[in-house]
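Note on naming: letters A, B, ... go to the chains in the order of the sequence lines (proteins, then strands), and numbering restarts at 1 for each one. Heavy-atom basis, side chains included; hydrogens, waters and symmetry copies ignored.
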There are 2 protein chains.
Amino acid sequence: MVAHSLRARVRAGMIDEIKAVARRHLATDGANLSLRAVARDMGMVSSAIYRYFPSRDDLLTALILEAYDALGDAVEAADAAVDRADLRGRWHATCRAARSWALAHPAEYALLYGSPVPGYAAPDDTVAPASRPPLALVGILRDGLADGRLSPPDEELPEPVRADLAELAAGFSPGLPEPLLARGLAGWTQLFGLISFELFGRLNGVIPHRDEHFDHQTALMADLIGLP
Amino acid sequence: MVAHSLRARVRAGMIDEIKAVARRHLATDGANLSLRAVARDMGMVSSAIYRYFPSRDDLLTALILEAYDALGDAVEAADAAVDRADLRGRWHATCRAARSWALAHPAEYALLYGSPVPGYAAPDDTVAPASRPPLALVGILRDGLADGRLSPPDEELPEPVRADLAELAAGFSPGLPEPLLARGLAGWTQLFGLISFELFGRLNGVIPHRDEHFDHQTALMADLIGLP
DNA sequence: ACCTCGCGAGAGCAGTGCTCTCGAAACGGA
DNA sequence: TCCGTTTCGAGAGCACTGCTCTCGCGAGGT
């Protein structure tokens with residue numbers, strides 16, 4: 001029992017070390033992670049890696065899962081640190097946390113939200129951690145609605161849009177008005193666009209004051225949503 | 001003279017054929033374009049390709065340039081097909097054109113707007129064609145402002161944001177009110193996010209009615225901008 | 001007619017993901 | 001304590017990649 005547990009423990013440590021080295025390579029060399037280079041860095045031969053990860057894609061998947069969780073943690077922690085009633089403050093804190101994490105881990109962000117790797121298909125385990133950031137944003141709307149600080153926009157949605165959003169809301173926040181969810185989705189889409197533009201160099205030579213630009217753009221979306 | 005021109009012509013044809021084959025490979029195999037595979041498809045040996053493109057990155061750059069122009073053409077044509085005074089119609093047409101092009105050329109879109117290739121740095125020639133889509137959007141705002149159909153939002157911008165936007169506007173539309181440009185930028189950012197989410201599979205199983213969702217989201221941004 | 005120069009072929013180098021085999025070491029039960 | 005089983009790392013090897021270099025052919029221009 002103890003022996004088996006010991007073996008399992010050293011194995012888990014090995015897996016962690018591989019992931020750590022791989023993450024380091026990711027940060028320096030970009031997305032094209034070389035399994036052989038990782039092995040070399042660990043003083044091992046490349047085939048030994050396959051004792052721990054059946055393929056390079058599985059290593060990437062593990063890194064992706066951890067990255068999603070790291071981003072989710074950062075976002076949720078930022079939201080939790082703000083007074084629950086301060087909806088706008090929570091919105092800004094959440095958006096800023098996502099951006100900060102992305103700037104600190106550009107390669108991992110690109111792995112999560114960049115162009116999908118050709119042969120690679122995201123396993124189902126990724127959808128739950130991947131939805132944590134948008135869920136944090138929607139949580140703000142839900143809370144605001146609950147205590148009356150946020151009133152849903154009064155508008156008619158095209159039926160297919162309304163149906164999709166109702167279905168989407170049913171999973172985590174039944175009864176959330178579809179027009180409000182639509183605007184929240186717009187905010188989330190915009191947030192992703194903002195971060196991607198900045199990270200992928202689209203703002204180079206165009207917007208020098210990144211922080212202020214980001215805050216103002218997210219403020220515009222907060223207005224659209226109706227956050228007080 | 002004629003002979004030289006003939007030689008040059010067959011060379012240009014060769015370059016075009018290589019690009020065409022490469023584009024086909026891009027469409028089927030995804031972003032990891034294999035120079036050797038392209039050569040194989042043309043009945044050539046890989047080293048022969050280097051007579052026409054000094055490296056794989058240069059081939060990619062050529063494809064990227066053409067893709068930017070194709071997208072720019074599509075967007076501008078869609079805008080031009082709508083009555084100049086119908087600002088909202090132009091907005092929707094432009095957005096839809098960008099999305100349609102992206103859906104028709106997913107790999108090329110990923111090349112343009114996906115995660116940047118690690119070692120690859122975009123040459124300066126790309127910035128002009130790359131700015132055509134956002135310029136088309138801003139053109140709508142400029143026209144609307146000129147004939148009075150569109151009134152700029154009356155708001156104070158944080159000074160750094162205002163300064164950046166003033167600098168940005170100076171190049172192509174001097175005097176364009178910064179608050180309006182800020183909202184236009186938000187629309188452009190959102191548009192990119194919308195297309196990327198859809199193309200990168202983020203909407204799978206969440207939003208079945210893609211067309212309607214897209215139209216509604218872009219309509220929200222048109223509202224934010226103030227398009228009548 | 002000669003000679004230059006562009007072009008394609010081929011070999012080769014360093015690197016990649018991945019498979020397979022082999023020997024050693026560690027583990028667990030008798 | 002001994003012995004079979006399991007686990008692990010090393011090494012060779014395969015098919016592939018981008019890229020360089022050399023060689024020989026044939027068309028172009030003088």
Side-chain angles (χ1 to χ4, degrees), chain A residues 1-19 21-26 28-64 107 111 116-121, chain B residues 1-19 21-26 28-64 107 111 116-121:
Chain A
M1 210 39 136
V2 176
H4 173 275
S5 167
L6 200 158
R7 184 118 97 174
R9 206 164 336 173
V10 63
R11 186 168 219 284
M14 207 68 187
I15 289 182
D16 279 349
E17 193 181 339
I18 293 177
K19 286 196 281 195
V21 174
R23 217 176 347 248
R24 224 178 50 218
H25 267 84
L26 218 53
T28 62
D29 295 359
N32 43 5
L33 179 70
S34 162
L35 229 146
R36 287 180 116 108
V38 171
R40 220 176 294 130
D41 257 32
M42 299 187 57
M44 286 172 43
V45 88
S46 76
S47 62
I49 299 279
Y50 288 84
R51 297 281 175 197
Y52 303 93
F53 292 94
S55 83
R56 181 177 160 273
D57 277 2
D58 290 84
L59 213 196
L60 277 181
T61 301
L63 294 179
I64 287 175
L111 219 56
V117 183
Y120 177 79
Chain B
M1 211 37 138
V2 177
H4 173 275
S5 167
L6 199 158
R7 185 118 97 175
R9 205 162 337 167
V10 63
R11 185 170 219 282
M14 208 68 186
I15 290 182
D16 279 349
E17 192 180 341
I18 293 176
K19 287 197 281 196
V21 174
R23 211 167 1 237
R24 223 176 53 215
H25 268 84
L26 217 54
T28 61
D29 294 359
N32 44 5
L33 179 69
S34 161
L35 230 148
R36 286 181 116 109
V38 171
R40 222 176 293 130
D41 256 32
M42 299 187 56
M44 285 171 43
V45 89
S46 76
S47 62
I49 300 278
Y50 287 83
R51 297 282 174 195
Y52 303 94
F53 292 95
S55 83
R56 180 178 161 273
D57 277 3
D58 290 84
L59 213 196
L60 276 181
T61 300
L63 293 179
I64 287 175
L111 220 55
V117 183
Y120 177 80

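At D/dG9, one or more side-chain N or O atoms of A/Tyr52 fall inside 4.0 Å of OP1 or OP2 (strictly under the cut-off).
Atoms NE2 and CG, on A/His25 and A/Leu35 in that order, are 10.5 Å from each other to the nearest 0.5 Å. With values rounded to the nearest 0.5 angstrom, B/Leu33 atom CG is found 5.5 Å from B/Arg56 atom CZ. From A/Asn32, atom CG reaches atom CG of B/Asn32 across 11.5 Å, with rounding to the nearest 0.5 Å.
Rounded to an integer number of Å, the gap from A/Leu33 CG to C/dG17 P is 7 Å. The CD1 atom of A/Ile18 sits 11 Å away from the P atom of D/dC8 (whole-angstrom rounding). Whole-Å rounding puts the A/Arg11 CZ to D/dT7 P distance at 9 Å. B/Ile15 places its CD1 atom 13 Å from the C1' atom of C/dG6, with the value rounded to the nearest Å. Following rounding to the nearest Å, B/Asp41 (CG) and D/dT17 (P) show an atom-to-atom distance of 11 Å. The distance from atom CG of B/Leu35 to atom P of D/dG18 is 5 Å, rounded to the nearest whole Å. Between B/His25 atom NE2 and D/dT17 atom C1' there is a gap of 13 Å when expressed in whole angstrom units. One interatomic measurement links the two molecules: CG of A/Asp57 to C1' of C/dT16, which rounds to 14 Å at whole-angstrom precision.
The listed nucleotides are C/dG17, D/dG18, D/dT17; the one nearest the side chain of B/Ala37 is D/dT17. Checking D/dC19, D/dG9, C/dG17 against the side-chain heavy atoms of A/Tyr50 singles out C/dG17 as nearest.
Closest heavy-atom contact between B/Ala107 and B/Leu26: CB-O, 3.2 Å. When all heavy atoms are compared, the tightest approach of A/Leu59 to A/Ile18 is CD1-CG2, 4.3 Å.
Helical stems in DNA chain C, defined as runs of 3 or more consecutive Watson-Crick or G-U wobble pairs with donor-acceptor distances under 3.5 Å: C:1-30 with D:1-30.
Within the nucleic acid shown, B/Phe53 has no heavy atom closer than 4.0 Å to any nucleic acid atom. In this structure, A/Leu59 reaches neither bases nor backbone, as no heavy-atom distance under 4.0 Å exists between it and the strands shown. Residue B/Ile49 is classed as having no contact, given no heavy-atom separation below 4.0 Å to the nucleic acid. Contacts of B/Met42 with the nucleic acid, taken as non-hydrogen atoms under 4.0 Å apart, are absent.
In this view, B/Arg24 and B/Asp41 satisfy the side-chain hydrogen bond (donor to acceptor under 3.5 Å, both in side chains) rule, not counting sequence neighbours.
Looking at heavy atoms from C-beta onward, B/Arg11 lies in side-chain contact with B/Ile15 at the 4.5 angstrom threshold. Between A/Met14 and A/Arg9, every side-chain heavy-atom pair lies at or beyond the 4.5 Å cut-off.
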Scoring nucleotides 10-16 of chain D by protein non-hydrogen atoms under 4.0 Å (B base, S sugar-phosphate only, - none) yields BB-B---
Throw together a table of side-chain donor-acceptor distances under 3.5 angstrom for residues 45-55 of chain A, partners on residues two or more places apart or in other chains.
from, atom 1, to, atom 2, distance (Å)
A/Ser55, OG, A/Asp57, N, 3.2
A/Ser55, OG, A/Asp58, N, 3.4
A/Ser55, OG, A/Asp58, OD1, 2.7

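Remark: side-chain polar atoms of B/Arg23 are not paired, donor with acceptor, to backbone N or O of B/Leu63 under 3.5 angstrom.
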